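Below is one structure, written out as structure tokens; comments come after it.
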Amino acid sequence: MTLRVPYYLVPRALSGVNATMATFVTTGSPTTNANLSNSSGPTTGNADFYAWGLNDIKDAGTNPADVRGIGVQSFPFNATNQLLVFAVNTWNRWSNAATNEFDIRVDVNPAANDGDDYIIVGADQGAVQTGTFNGRMAAFVFSTHSPGASVNFFATAPTDSSTALLPVLSSQLCRAGEPCLSGANPRLTYHAVSFDVTSNFVDVVAGTAKYNAYSSSITQGDFVTVPQGASGAVPITITPAEWAQTPALGTMIVTLDNKAGQKEAALLPLQLRP
Ligand SMILES: [Ca+2]
Ligand SMILES: [Ca+2]
Ligand SMILES: [Ca+2]
């Protein structure tokens, strides 16, 4: 796989990738297509696929920390790690993502009833590590059981945009002696809160999502380039047995080159019917 953790320094031409999908599949026929087109944009766009987990309303005003939707994708990273990437889409454009803080609270052993175990924090890397803001959002992982944070990746969170991609490794969700996400314990729940660090704005994201980081209940992780004028279809499959344990809201397709705001992330509901 290719890691995508660049930091874009300049605004670029916009793409117009659009996506549509049927609203349900059935247990006997659990596959449909996400139909992509890029007819309105002057430039190529990419369609980056996530299991859509959280949905949140537009708050009053135009705060860049106002969350709209959150999804997650995951890949094998090396012999011992799974890479998880959380995508946070907001309703409003930011100048710099690092004026926001996105907290994704993760419970890797919900059945134990010991609450959230880890907090994935998208925040200004300089502010967290040196006390001085540097305008670069990174993906930190804190534990609710012990002090300190780990960080392996910067966020992909372009300037003048509204979607942040937060990559973390499964090992960061598995501290010694603490609840541990692993191939043997692959499921997690997550919920989220966002903050504008320059004001008092806080957005509690509605709901709690479930996800299997080693075997998702819905297709995710595809990354498709859609040139100007092109269209095509990407199959989306629900796995009914896993869906029963970790259902998603549907598919989230991120296109960072689309216009900021809701056009940067298609949120496509999908249900499984008998
Ligand atoms: Ca909101
Ligand atoms: Ca827990
Ligand atoms: Ca909210």
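First listed ligand is number 1; within each ligand, the first listed atom is number 1. These numbers come from a predicted model, not from an experiment. Along the sequence shown, residues are numbered consecutively beginning with 1.
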Subject >> Backbone N/O of Ala266 and side chain of Lys263: donor-acceptor pair under 3.5 Å >> reply: no
Subject >> Tally, protein N/O/S atoms nearer to the Ca ion (ligand 2) than 3.0 Å >> reply: 6
**OP:** Could you check whether the rings of Tyr118 and His145 sit parallel, tilted or perpendicular, using 30° and 60° as the cut-offs?
**Re:** perpendicular
Original post:
Looking at Phe86 versus Tyr50, is the centre-to-centre ring distance below 6.0 Å?
Top reply: no
**OP:** Before accepting this row, confirm whether a basic side-chain N of the pair Glu242/Arg187 lies closer than 4.0 Å to the acidic partner's carboxylate O.
**Re:** yes
Original post:
Around the Ca ion (ligand 1), what protein N, O or S atoms are found below 3.0 Å?
Top reply: Asp56 OD2, Ile57 O, Asp59 OD1, Asp66 OD1, Val67 O, Asp203 OD2
**OP:** Compare every heavy atom of Glu264 with every heavy atom of Thr163, then report the nearest pair and how far apart it is.
**Re:** OG1-OE1, 2.7 Å
Original post:
Would you say the side-chain atoms of Arg175 and Ser146 include a donor-acceptor pair closer than 3.5 Å?
Top reply: yes
**OP:** Please determine, by modelled atom types, if Thr23 and Gln271 share a side-chain donor-acceptor pair under 3.5 angstrom.
**Re:** no
Original post:
Have Ser199 and Asp196 got a donor and an acceptor in their side chains that come within less than 3.5 Å?
Top reply: yes
Original post:
Between Asp124 and Arg136, is there a side-chain N and carboxylate O pair less than 4.0 Å apart?
Top reply: no
